[in-house]
2 protein chains.
Amino acid sequence: MSPNKSSVGVDQCHCFAMRKAARQISRLYDSHLQPTGLRITQFLILAALNQEQGVSINDLAERLDTERTAMGKMVGVLERDGFVRLRPSPTDGRSRLAELTPSGKGLFEQAAPLWREAQRQFGEMNGAKDVRALRQNLAGMKTGDLSTSFE
Amino acid sequence: MSPNKSSVGVDQCHCFAMRKAARQISRLYDSHLQPTGLRITQFLILAALNQEQGVSINDLAERLDTERTAMGKMVGVLERDGFVRLRPSPTDGRSRLAELTPSGKGLFEQAAPLWREAQRQFGEMNGAKDVRALRQNLAGMKTGDLSTSFE
DNA sequence: TGGATATAAGGGCATATGCCTGCATTATTC
DNA sequence: GAATAATGCAGGCATATGCCCTTATATCCA
């Protein structure tokens, strides 16, 4: 038999394979976004806010599937740099709603074509068929939904 | 038309889909490893060292596809906690070779069955066929090889 | 209405990841 | 063999991610 049943090989680990792929694709997108100083994580936050303004930290976190407090910190960075504004919710005193500042909107408009190019290049390198299959595999992947502390 | 051509939707981003999947599967493996206090990243380092002792930081980094200096820091944590020992290479004064301590070996032995269970559970939740397809998709994925600062 | 419970965030702490720079050591080249 | 280049790491700095605990509101229910 090939890999011994008891051998715990790094290369057999599904988690490793996925993490490795995530790092690789992130490097691709990050390199495209570099002229803007944004990384893909930050770009996605701006994109989410561009789609829907006035979103709470929790909503943002859920939308981007990150841990709540982690999102708070990331948004904090963007706020510090003037791309995002946080204002208290008029209906809920606990909540603060995030929205793009004009500067943030501008940065997003600048970054969007770079993202598109990364997306296009990834599609070109892998072929529409493989990309479709990959996306389906990822979307269908089950992990048992271990909270990021929502539920 | 469905999603406007100019709409940069978070959900269309291949990078986002991949990162999200990586976080999800990491949560699964991390939760299984929790009794040992290890996370999947640390477990993989121990596993790599278990497969081959006396590896330089650079070799480890390349094997696990992480940035060199990042690997140095992660190994540093494991060294601090007594699971890994770093000794100067006898043939190259610049290099330090990492190996498991008995304590590290023991921890690995303790963690391996938990990893196996995570791996098994992932396989069960997704089915052998889908897992195979996913792994193939990931392995075949091309991103243009943007160094993690090796080459 | 007042107390119990639930929810939104923030702060602290720790690891993970990556960049850039500097330092020591080895390898190369003339 | 000395000057130069390449290599292996460490350190500093910044973001990313996640956990825990605390605080401020909001809600609900007796």
Side-chain angles (χ1 to χ4, degrees), chain A residues 15-16 19-20 22-24 26-31 33-34 37-45 55-62 64-81 83 86-98 146-151, chain B residues 15-16 19-20 22-24 26-31 33-34 37-45 55-62 64-81 83 86-98 146-151:
Chain A
C15 186
F16 173 58
R19 291 176 65 92
K20 177 173 172 175
R23 279 194 301 262
Q24 288 174 337
S26 294
R27 283 198 284 269
L28 175 66
Y29 281 68
D30 282 350
S31 74
L33 291 173
Q34 206 199 341
L38 290 171
R39 305 211 193 132
I40 185 63
T41 45
Q42 299 179 312
F43 174 79
L44 289 168
I45 295 174
V55 184
S56 73
I57 302 282
N58 272 5
D59 289 348
L60 256 187
E62 189 161 5
L64 297 179
D65 191 57
T66 57
E67 211 270 332
R68 201 175 52 72
T69 64
M71 179 56 76
K73 286 155 199 170
M74 288 189 263
V75 169
V77 170
L78 293 171
E79 185 192 23
R80 181 201 63 194
D81 295 345
F83 303 127
L86 286 168
R87 45 204 331 177
S89 160
T91 64
D92 187 334
R94 295 165 299 182
S95 182
R96 301 170 67 198
L97 305 183
L146 312 173
S147 71
T148 73
S149 316
F150 303 127
E151 44 274 290
Chain B
C15 187
F16 173 58
R19 291 176 64 92
K20 177 173 171 176
R23 279 194 300 261
Q24 288 173 337
S26 294
R27 283 198 283 270
L28 175 65
Y29 280 68
D30 282 349
S31 75
L33 291 172
Q34 207 199 340
L38 290 172
R39 305 209 194 133
I40 186 61
T41 47
Q42 300 179 311
F43 174 79
L44 289 169
I45 295 175
V55 184
S56 73
I57 303 283
N58 272 6
D59 289 348
L60 257 187
E62 187 161 6
L64 296 178
D65 193 56
T66 57
E67 212 269 333
R68 273 189 249 233
T69 65
M71 179 55 75
K73 284 156 199 167
M74 287 188 263
V75 170
V77 170
L78 293 171
E79 186 192 21
R80 182 201 62 195
D81 295 345
F83 303 127
L86 286 167
R87 45 204 330 177
S89 160
T91 64
D92 187 334
R94 294 164 298 183
S95 182
R96 301 170 69 199
L97 304 183
L146 311 173
S147 72
T148 71
S149 314
F150 303 128
E151 44 275 295

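- The distance between atom CG of B:D30 and atom P of D:dC19, rounded to the nearest whole Å, is 8 Å.
- Contact check, B:T66 against C:dT17: no side-chain N or O comes under 4.0 Å of OP1 or OP2.
- Remark: A:R27 is not in phosphate contact with C:dC19, judged by side-chain N or O atoms under 4.0 Å from OP1 or OP2.
- Checked against salt bridge (Lys or Arg N to Asp or Glu O under 4.0 Å), A:R80 has no partners two or more places apart in sequence or in another chain.
- Residues forming a side-chain contact (heavy atoms from CB on, under 4.5 Å) with B:S95 (at least two apart in sequence, or on another chain): B:S56, B:S89, B:D92, B:L97.
- No hydrogens or angles were tested; on distance alone, nothing pairs the side chain of A:K73 with the base of C:dG11 as donor and acceptor under 3.5 Å.
- Atom-to-atom, CG of A:L86 to P of C:dA9 comes out at 9 Å; the value is rounded to the nearest Å.
- One can place CE of B:M71 at 15 Å from P of C:dC19, the figure rounded to the nearest angstrom.
- OP1 or OP2 of C:dA9 has at least one side-chain nitrogen or oxygen of A:S56 nearer than 4.0 Å.
- Sequence order on DNA chain C of the closest nucleotides to A:Q34 and A:R19 puts A:R19 first from the 5' end.
- Remark on DNA chain C: of its neighbouring residues A:G72 and B:V77, the 5'-side contact belongs to A:G72, judged by nearest-heavy-atom nucleotide.
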(request) Would you mind building the protein contact string for nucleotides 21-29 of chain C? One character per nucleotide, 5' to 3', B for base within reach (heavy atoms under 4.0 Å), S for sugar-phosphate only, - for untouched. (result) ----BS---
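- A:R23 places its CZ atom 14 Å from the C1' atom of C:dT15, with the value rounded to the nearest Å.
- Distance CZ (B:R68) to P (C:dC19): 11 Å, rounded to an integer number of Å.
- Between A:R96 atom CZ and D:dT23 atom P there is a gap of 18 Å when expressed in whole angstrom units.
- By the salt bridge (Lys or Arg N to Asp or Glu O under 4.0 Å) test, A:R39 pairs with no residue at all, sequence neighbours left out.
- Closest contact between the side chain of A:R39 and the listed nucleotides C:dG18, D:dT15, C:dT15 involves D:dT15.
- For D:dC9, one of the phosphate oxygens OP1 or OP2 lies less than 4.0 angstrom from a side-chain nitrogen or oxygen of B:N58.
- Counting only heavy atoms from C-beta on, A:S95 has its side chain closest to C:dA9 among D:dT17, C:dT17, C:dA9.
- When rounded to the nearest whole Å, the span between CG of B:D59 and C1' of D:dT7 equals 12 Å.
- For B:R96, the side-chain contact (heavy atoms from CB on, under 4.5 Å) partners two or more places apart in sequence, or in a different chain, are B:E79, B:L86.
- Looking at heavy atoms from C-beta onward, B:M71 lies out of side-chain contact with B:R68 at the 4.5 angstrom threshold.
- For the pair A:Q42 and A:V77, the minimum side-chain heavy-atom distance is below 4.5 Å.
- The side chain to side chain donor-acceptor pair (under 3.5 Å) search around B:T41 returns none, not counting sequence neighbours.
- When rounded to the nearest whole Å, the span between CD1 of A:I57 and C1' of D:dA24 equals 16 Å.
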